[in-house]
Asks: 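Take this structure, written in structure tokens, and hold onto it; I'll ask about it next.
None of the values given here were measured: they were computed from a predicted structure.
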Amino acid sequence: MRFDRRISRRSFLAAAGVSAAALALTACGGSGSTAASTAASTGASSAAGTAAGGTLNIMLETEVQSLDPQIATDGTSFEVIADYTDGLMQMDADGAAVPALAETYDISEDGKTYTFHLRDAKWSNGDAVTAADFVFGWQRAVDPANASEYSYMLSDIGQVVNAAEIIAGEKPVTDLGVTAVDDKTLEVQLNVPVSYFLSLMYFPTFYPVNEAFFNTCKDTFGTSPDTVLSNGAFILTDYQPAATAFEMTKNPDYYDAANIALDGLAYQVIKDSQQALMSFQTGALDLTLLNGEQVDQVKDDPQFTSVGAGYLWYISPNIDAVPELANENLRKAMTFALDRDAITGDVLKDGSAPCYTAVPPQFATGPDGSDFSADQTKFADSCAFDAAKAAEYYETAKSELGKDSFSFDMIVDADDAPQKVAQVVKEQLETTLPGLTVNLTVEPKKQRVQDMQDGNFQLGLTRWGPDYADPMTYLGMWVTGNSNNYGLWSDAEFDSIIEECTTGDLCTDPEGRWAALYDAEAIVLEQAVIFPLYGQCNAEMISSAVTGVDFHPVALNRVYKRAAKNA
């Protein structure tokens, strides 16, 4: 780690952030692929400066939704943005936060002031990267005019001074607690100490934006190679919105260019896993994702591995807009009717594991070093597969609602795996709960996300990946008014617990905070606010010529800075 002496006394790295990577590199569904996953991430990263380079050909399951770091909301977009943009910090191979554009940093004794000292770095138009670029990017994130879905990362999560008031329209963006002391010095003021603050700094919402360049683009920003700037390892050279193929080349002016082995990245959007496997087998792809039958075909291939992706897949009922789904007993009947083992074992077959908690396992560890969600039976009274309980709750719901039949539309992404999962969910609900009908509506992911954000849905099959290594990355979504609280659920007790954990006495009491977060999670599950399904593993084919790809369950699932491709 390249910290200087000024900050060695207090790194304030969250314990969860340091420990999460070890969990990330284990197989989700068993121990068989642990070694392969670790090798894929770190096995030959030291070879990055000596390998032959070349272009890494990568498969995506879905199109990029946005290249605007303050507007993007999905993991695919975050991966691509991070290919050509650096933030203050980055993840090392083990997932710990280490300096990127911030060469060093200081933290005040009270933990509420961070001072970042920037290294010499350039944008791809030749401009120097300055502290003002971060100020502008962060102000864009909280500006109500931009309606950034991730604005809460600066307010509720990051606790940056005045962020909440600015988002609420009560103060101007210039009051945000972030200051460019000079071109190379960025000062950030927090309301309270945030133990995981450094790990937030590699998340794209906190990336810098060159204001002068942005003003030449305005509404077209992030829509083409001409409307983005790079300060990272690669430069975007070929892209258009909703592109099914696009490319990047190595950035010769990157501050760490000497350690970037690859000549470039070439992405292909392939939604059918059989087609993706064929492309891999012909050499057109170096990395590809698989599921279902394709996993059975290649599970013994040494190029196959299963990597923890961190995502929780779940069903979100629109509690606010659909009167029947406002009935707690009907929601409980539905969650008890779902056989998660059949979904992961018979349909996905990619190492994904059933999940019975609102916070998935294998990404966040507590003060005692334990996995927050290791015990998947902790809330068995509220979330499990139990057809008898499902029937009991269903009868109560029918009596309360005065109805014997129900019909709900469920929106689902137009990608291969979600469609397969949705079909099984439909069959399970309709079989276990006679009289209940689920109609599947397949939409492009961008439209599905927009519909859920707008409340234009009844049931939604969705997923969430952790943005930082703490349970709050999930639990914070269900606070009243949060932009990711799609069902518009509200509970005063839950809100109070979360507030106490973020700005109250518990924010400096690790053990007490951990216990309170369990209490908050219990409320979510007891009221069936969501129906958890499974923790996602990515079944990957990785060419034997490729080494050094880093896999993480938090924020950025795949990072290619240390990757190399031998001829």
Asks: With distance as the sole test, does Asp467 use its side chain to make a donor-acceptor pair with the main-chain N or O of Thr473 at under 3.5 Å?
Replies: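 A pair under 3.5 Å: no.
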Asks: Are there over 12 heavy-atom neighbours, none belonging to Gln274, within less than 6.0 Å of that residue's CD?
Replies: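 Buried by this count: over 12 neighbours within 6.0 Å.
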Asks: In terms of ring plane angle, is the pair Phe197 and Tyr114 parallel, tilted or perpendicular, where the classes change at 30° and 60°?
Replies: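 Tilted.
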Asks: May I ask you to check whether Thr480 and Asp495 show a side-chain donor-acceptor distance below 3.5 Å?
Replies: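 On atom types as modelled, these side chains qualify, holding a pair under 3.5 Å.
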Asks: Does either side chain, that of Gln536 or that of Asn538, offer a donor lying less than 3.5 Å from an acceptor on the other one?
Replies: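 A donor-acceptor contact under 3.5 Å links the two side chains.
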Asks: For the residue pair Ser273 and Gln294, confirm or rule out a side-chain donor-acceptor distance under 3.5 Å.
Replies: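 Indeed, the side chains of Ser273 and Gln294 share at least one donor-acceptor pair under 3.5 Å.
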Asks: Does the pair Thr185 and Thr115 meet the rule for a side-chain contact (heavy atoms from CB on, under 4.5 Å), with working shown?
Replies: CA-CA 7 Å; Thr185 309; Thr115 304; 3.7 Å; yes
Asks: Ignoring hydrogens, what is the shortest heavy-atom contact between Thr179 and Val135? Give both atom names and the distance.
Replies: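 Closest approach of Thr179 to Val135, heavy atoms only: C-CG2, 4.0 Å.
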Asks: For a quick test of reading the model, state the closest non-hydrogen atom pair linking Pro204 to Ile81 and the distance between them.
Replies: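 Taking every non-hydrogen atom into account, CB-CG2, 4.5 Å.
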Asks: Taking all non-hydrogen atoms of both residues into account, name the closest pair between Asn231 and Tyr254 and its distance.
Replies: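 So the two residues come closest at O-CD1, 3.4 Å.
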Asks: How would you list, by chain and number, every residue that makes a salt bridge (Lys or Arg N to Asp or Glu O under 4.0 Å) with Lys426, sequence neighbours excluded?
Replies: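 Per chain and number, Lys426 pairs via salt bridge (Lys or Arg N to Asp or Glu O under 4.0 Å) with Glu430.
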Asks: Supply the atom-to-atom distance Thr462 OG1 to Asn484 CG, rounded to the nearest 0.5 angstrom.
Replies: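 Rounded to the nearest 0.5 Å, the OG1-CG separation comes out at 8.5 Å.
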Asks: Using a strict threshold of under 4.0 Å (side-chain N to carboxylate O), is an ion pair present between Lys184 and Asp120?
Replies: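 Yes, charged N to carboxylate O under 4.0 Å.
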Asks: Taking the side chain as everything from C-beta on, heavy atoms only, tell me whether Glu63 gets closer than 4.5 Å to Pro241.
Replies: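 A side-chain contact is absent here, since even the closest heavy-atom pair is not under 4.5 Å.
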Asks: Which heavy atom of Thr502 sits nearest to which heavy atom of Val192, and what is that distance?
Replies: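 Minimum heavy-atom contact is O-CG2, 3.3 Å.
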Asks: Applying the salt bridge (Lys or Arg N to Asp or Glu O under 4.0 Å) criterion to Asp413, which one of Lys446, Arg448, Lys271, Lys445 satisfies it?
Replies: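 The residue from Lys446, Arg448, Lys271, Lys445 that satisfies salt bridge (Lys or Arg N to Asp or Glu O under 4.0 Å) with Asp413 turns out to be Arg448.
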Asks: Give the minimum heavy-atom separation between Thr288 and Phe280, together with the two atoms involved.
Replies: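 Closest approach of Thr288 to Phe280: CG2-CB, 3.8 Å.
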Asks: Say whether Asp454 and Gln450, considering side chains only, have a donor N or O and an acceptor N or O under 3.5 Å apart.
Replies: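 Short answer, yes.
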Asks: Just wondering, are more than 12 heavy atoms of other shown residues or ligands nearer than 6.0 Å to CG in Asn215?
Replies: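 Enclosed: over 12 neighbouring heavy atoms sit under 6.0 Å from CG of Asn215.
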Asks: Ring centres under 6.0 Å, that's the criterion: do Phe531 and Tyr314 meet it?
Replies: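 Ring centres of Tyr314 and Phe531 not closer than 6.0 Å.
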Asks: With rounding to the nearest 0.5 Å, note down the distance linking CG in Asn318 to CZ in Phe408.
Replies: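 One gets 11.0 Å once the value is rounded to the nearest 0.5 Å.
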Asks: Is any side-chain heavy atom of Thr223 less than 4.5 Å from a side-chain heavy atom of Gln240?
Replies: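 They are not in side-chain contact.
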Asks: Indicate yes or no: at least one non-hydrogen side-chain atom of Met91 is less than 4.5 angstrom from one of Val98.
Replies: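 When only atoms from C-beta onward are counted, Val98 and Met91 do not touch, as no gap falls below 4.5 Å.
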Asks: For Val80 and Leu67: C-alpha separation, side-chain torsions, deciding distance, then whether side-chain contact (heavy atoms from CB on, under 4.5 Å) applies.
Replies: CA-CA 8 Å; Val80 173; Leu67 290 181; 3.8 Å; yes
Asks: Could you tell me whether the side chains of Asp74 and Ser77 share a donor-acceptor contact shorter than 3.5 Å?
Replies: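 Yes, a side-chain donor-acceptor pair sits under 3.5 Å.
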Asks: Would you call the rings of Tyr468 and Tyr196 parallel, tilted or perpendicular, taking 30° and 60° as the class edges?
Replies: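 Judged by the thresholds at 30° and 60°, the geometry between Tyr468 and Tyr196 is parallel.
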Asks: Could you report the tightest heavy-atom contact between Asp409 and Gln458, atom names first, then the distance?
Replies: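 Nearest heavy atoms, Asp409 then Gln458: N-OE1, 2.7 Å.
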Asks: Would you check if Met201 and Phe116 make a side-chain contact, meaning some heavy-atom pair closer than 4.5 Å?
Replies: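 Met201 reaches Phe116 side chain to side chain.
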Asks: Just do the side-chain contact (heavy atoms from CB on, under 4.5 Å) check on Val188 and Trp138 with the steps written out, would you?
Replies: CA-CA 11 Å; Val188 182; Trp138 292 23; 3.7 Å; yes
Asks: What residues form a side-chain hydrogen bond (donor to acceptor under 3.5 Å, both in side chains) with Lys250, not counting sequence neighbours?
Replies: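 Residues passing side-chain hydrogen bond (donor to acceptor under 3.5 Å, both in side chains) with Lys250: none at all.
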Asks: So Trp464 and Tyr150, would you call those rings parallel, tilted or perpendicular, with 30° and 60° as cut-offs?
Replies: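 Answer is parallel, since the angle falls under 30°.
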Asks: Using a 4.5 Å cut-off on heavy atoms from C-beta on, say whether the side chain of Thr547 contacts that of Lys565.
Replies: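 SC-SC contact between Lys565 and Thr547 ruled out.
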Asks: Is it true that Asp253 and Lys122 make a salt bridge, defined as a side-chain N closer than 4.0 Å to a carboxylate O?
Replies: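 Looking at Lys122 together with Asp253, the answer is no, because their closest N to O distance does not fall below 4.0 Å.
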Asks: For Asp350 and Ser352, which I'm curious about, is there any donor-acceptor pair between the side chains at under 3.5 Å?
Replies: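 A donor-acceptor contact under 3.5 Å links the two side chains.
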Asks: Answer yes or no: is there an ion pair linking Lys561 with Asp256, defined by an N-O contact shorter than 4.0 Å?
Replies: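 No salt bridge links Lys561 with Asp256.
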Asks: Could you label the plane-to-plane angle of the Tyr267 and Tyr560 rings as parallel, tilted or perpendicular, counting under 30° as parallel and over 60° as perpendicular?
Replies: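 Ring orientation, 0 to 90° scale: perpendicular.
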Asks: Do Leu533 and Ile343 come close enough that some side-chain heavy atom pair is under 4.5 Å?
Replies: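 A side-chain contact exists here, since the closest heavy-atom pair is under 4.5 Å.
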Asks: With a 4.5 Å cut-off on side-chain heavy atoms, are Met472 and Ile498 touching?
Replies: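 Result yes, sub-4.5 Å side-chain heavy-atom pair found.
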Asks: Are a donor atom and an acceptor atom from the side chains of Asp415 and Gln419 found within less than 3.5 Å of each other?
Replies: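 There is no such pair between these side chains.
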